[in-house]
Amino acid sequence: MIPDSTDNPDDARARKSPRGPTPDAPPERLTPPDVDPATAGGDDEDDARLPDILEESGAVGEVPLATGHEAIERAVRLAPTSPGVYRMLAANSDVLYVGKAKNVKKRLSNYARIGAPQPARILRMIAATVSVEIVSTTTETEALLLEANLIKQLRPRFNVQLRDDKSFPYILITGDHWAPQILKHRGAQTRPGRYFGPFASAGAVNRTITALQRAFLIRSCTDSFFESRSRPCLLYQIRRCAGPCTREIDFPGYTTLVREATDFLSGKSQAVKQELAGEMEKASGELEFESAALYRDRLAALSAIQSQQGINPRTVEEADVFAIHQDGGFSCVEVFFFRTGQNWGNRAYFPRAEKTFTPEEVLGSFLAQFYDDKPPPKSILLSHEIEESELLANALSIKAGHKIEVSTPKRGEKKELVTHALTNAREALGRKLADTATQSRLLDAMATTLSLPHPPKRIEVYDNSHIQGTNAVGAMIVAGPDGFVKNQYRKFNIKSEGLTPGDDYGMMREVLERRFKRLVNPPEDNAAKPNDKAKDDDFPQWPDLVVIDGGRGQLNAVREIFTNLGLTQVSLMSVAKGPDRDAGRETLFMPEREAIKLEPRDPVLYFIQRLRDEAHRFVIGSHRKLRKKDIREAGLQEIPGIGPSRKRALLHHFGTLKEIERASIADLGKVPGVSAESARRIFEYFHPQPG
């Protein structure tokens, strides 16, 4: 793991390769107040990328096959006749395949049988096998669960692999405060309260929470923010909170709002809407039109939630729907989540599997891995009948503690849900294949334009940010054949004490040395070579092209660093901004070549601009996060001209430092004792222009 990374919310979910450094998820924004800070994770809106197709090699020779048969035959002699899990190992101890069997000895005997007809994929696996490891289990159900866990952990080449396996977000209505809070939650459900989910994406949760705030006026602020209030915040003014912090609503009234929200999320939406409609009619009849308008707005917010959810089943209360579509050697599994009769979103997965796998084989292996760390619903609906559906249902039932049904519906509303999911799977794979083809053409054109030896599979772009040398941070973003690879992003807090404030060359030198020294001299158990492929998704650890934001000077500085490290196989390029920083007039510099100027409408130039802008966005976000942390720790005393009296006036007017950060210059100028010049100075302190 890179010890410099300090912001990595997705570590627990990404199942990283043991050979590569642990990726940082990009800190695109600060954790919002409606996210549980103890379990906040990165957003998961980005589509998964397509895996590399595992190409079938040529015919397997008799000698390698004989060697593999001998290794498996040795294992057969010692194999038990009971259920268990076996692992095929290669010469370098990498796990080639993980399988389970009701009778391990019988299953391995099938592999050891010389001359038996086998698919080419199995023959290649046998030829590469030098040893077999076996773990016995009490039941075949235990073997299924262990197999799924080992596949996710070891990522064997010849197994179907579930990729991009992130935890799902939930909505939590807390139960450890007299005024419950509504927030987004990930991870272990240890905090007291009611959890509702899973939702397919963070975006779906955020939209639902926003609508629920409008409908039920439940607070989203943290407990510390809640306790510090002396007057209602902006959310109360815009009717997204009932204001329990300053007792704008009494305890019984707020409890009623929480109960209504809980009922709505529990599937009693019609009862809640009828209750609100009755209250609206009652208020209107008593000529309390302001209250009636409030109930009307709350009803509209509930309708907005249900309209955003799209299809909502009438007879399916709780189910996950899986549909698989294959095309071009790739597979797409679309998953829809239905809870309490509501559609809580869908997500497309692109599992890694050889193209010889059938849809049923891919789906069966995918399901076991999918529920390895997730609670299953009461019903699982599939587009294809899998061979071990009964075994999977028994395993999930034991794990969940209640009966789980796995079925492939043939008619009715359940069949309609599966058909709808299958349509989405087909469209998602089509879009992904089109996007990948476009990206591949861009990389091919980039290789031609820049005279690279081959189209780059991994591009790393570096940038740094600081304000007069303070809160200096460097960043690396990564792009490949499927676009930006955000789980490979890194940020580096600049640590060198001898750097002159604002020394961009020195900062870049530190970042690159820290990045590449680990690749040149990796730990013994983490060895990597140029163009080696990481186990995780076959994505290379070494870049083919390194891009620097800067001119010829920055390029020469980086070239010197690479020379000292003995790096000769990585191409270098720097991107200098055009006159007046105009996009489209950039100059590209490469070692021992004349400067390159591309036409303003050249697609390759657009692509390079996107790379540079993404690196700039990422590093600025990292810098601002560090700076805001320092500001909160230092308070207002660091602002020139702001003494104790003005500080007290600002805090009395706005309540918290966070509200002062959000205030405009005009709002700051309304505080007694704060002049227009002081207001401008305060605003610029919280909203600087990074250099």
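We count residues from 1, following the sequence as given.
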*Do H384 and I324 have side-chain heavy atoms sitting under 4.5 Å apart?*
yes
*Compare all side-chain heavy atoms of T210 with those of R240 and state whether any distance is below 4.5 angstrom.*
yes
*Counting distance only, does the side-chain N/O of R219 pair as donor-acceptor with the main-chain N or O of A179 below 3.5 Å?*
yes
*Step by step, work out the side chain to side chain contact (heavy atoms under 4.5 Å, CB included) result for I249 and L257.*
CA-CA 10 Å; I249 186 173; L257 294 177; 3.7 Å; yes
*Give a yes or no answer on whether the side chain of E318 reaches the backbone of K378 with a donor-acceptor pair at less than 3.5 Å.*
yes
*For L363 and E360, what are the C-alpha separation, side-chain angles and deciding distance, and is it a side chain to side chain contact (heavy atoms under 4.5 Å, CB included)?*
CA-CA 5 Å; L363 187 58; E360 292 80 6; 5.9 Å; no
*Please check if the side chain of Q181 supplies one atom and the backbone of S220 the other of a donor-acceptor pair under 3.5 Å.*
yes
*Is any side-chain heavy atom of F216 less than 4.5 Å from a side-chain heavy atom of I182?*
no
*Does the side chain of F199 come within less than 4.5 Å of K184's, by heavy atoms?*
no
*Kindly indicate whether the side chain of H402, heavy atoms from C-beta on, has any atom under 4.5 Å from the side chain of I404.*
yes
*Atom CG in L396, atom CG in L145: separation rounded to 0.5 Å?*
7.5 Å
*asked:* Within the structure provided, determine whether V205 and R186 are in side-chain contact (heavy-atom separation under 4.5 Å).
replied: no
_Greater than 12 external heavy atoms within 6.0 Å of E390's CD_ = no
*What is the distance from atom CZ of F366 to atom CG of L162, rounded to the nearest 0.5 Å?*
5.0 Å
*asked:* Measuring only between side-chain heavy atoms, which start at C-beta, is H177 closer than 4.5 Å to F226?
replied: yes
*Within the side chain of Y254, is there an N or O that forms a donor-acceptor pair under 3.5 Å with the backbone of P180?*
yes
*Any side-chain donor paired with an acceptor under 3.5 Å for Q369 and S365?*
yes
*Measuring from L381:CG to E405:CD, what's the distance to the nearest 0.5 Å?*
7.5 Å
*Does K399 reach the main-chain N or O of D372 with its side chain, forming a donor-acceptor pair under 3.5 Å?*
yes
*Begin from the C-alpha positions of R339 and D320 and carry the test salt bridge (charged side-chain N to carboxylate O under 4.0 Å, His left out) through to its verdict.*
CA-CA 9 Å; R339 299 294 185 274; D320 286 347; 2.8 Å; yes
*Taking the side chain from R229 and the backbone from R231, do they hold a donor-acceptor pair closer than 3.5 Å?*
yes
*How far does CG of D463 sit from CD of E614, to the nearest 0.5 angstrom?*
11.5 Å
*asked:* Within this structure, what is the CD1-CG distance for the pair I171 and N206, rounded to the nearest 0.5 Å?
replied: 9.0 Å
_Flag side-chain contact, heavy atom, 4.5 Å: F484 against L611_ = yes
*Output the distance between atom CG (L382) and atom OG (S407), rounded to the nearest 0.5 Å.*
7.0 Å
*asked:* Taking Q488's backbone N and O only, do any of them form a donor-acceptor pair with R490's side chain (distance below 3.5 Å, no angle check)?
replied: yes
*Are any of the side-chain nitrogens in D613 or R617 under 4.0 Å away from the carboxylate oxygens of its partner?*
no
_side chain to side chain donor-acceptor pair (under 3.5 Å), paired with S331, selected from R352, Q326, H325_ = Q326
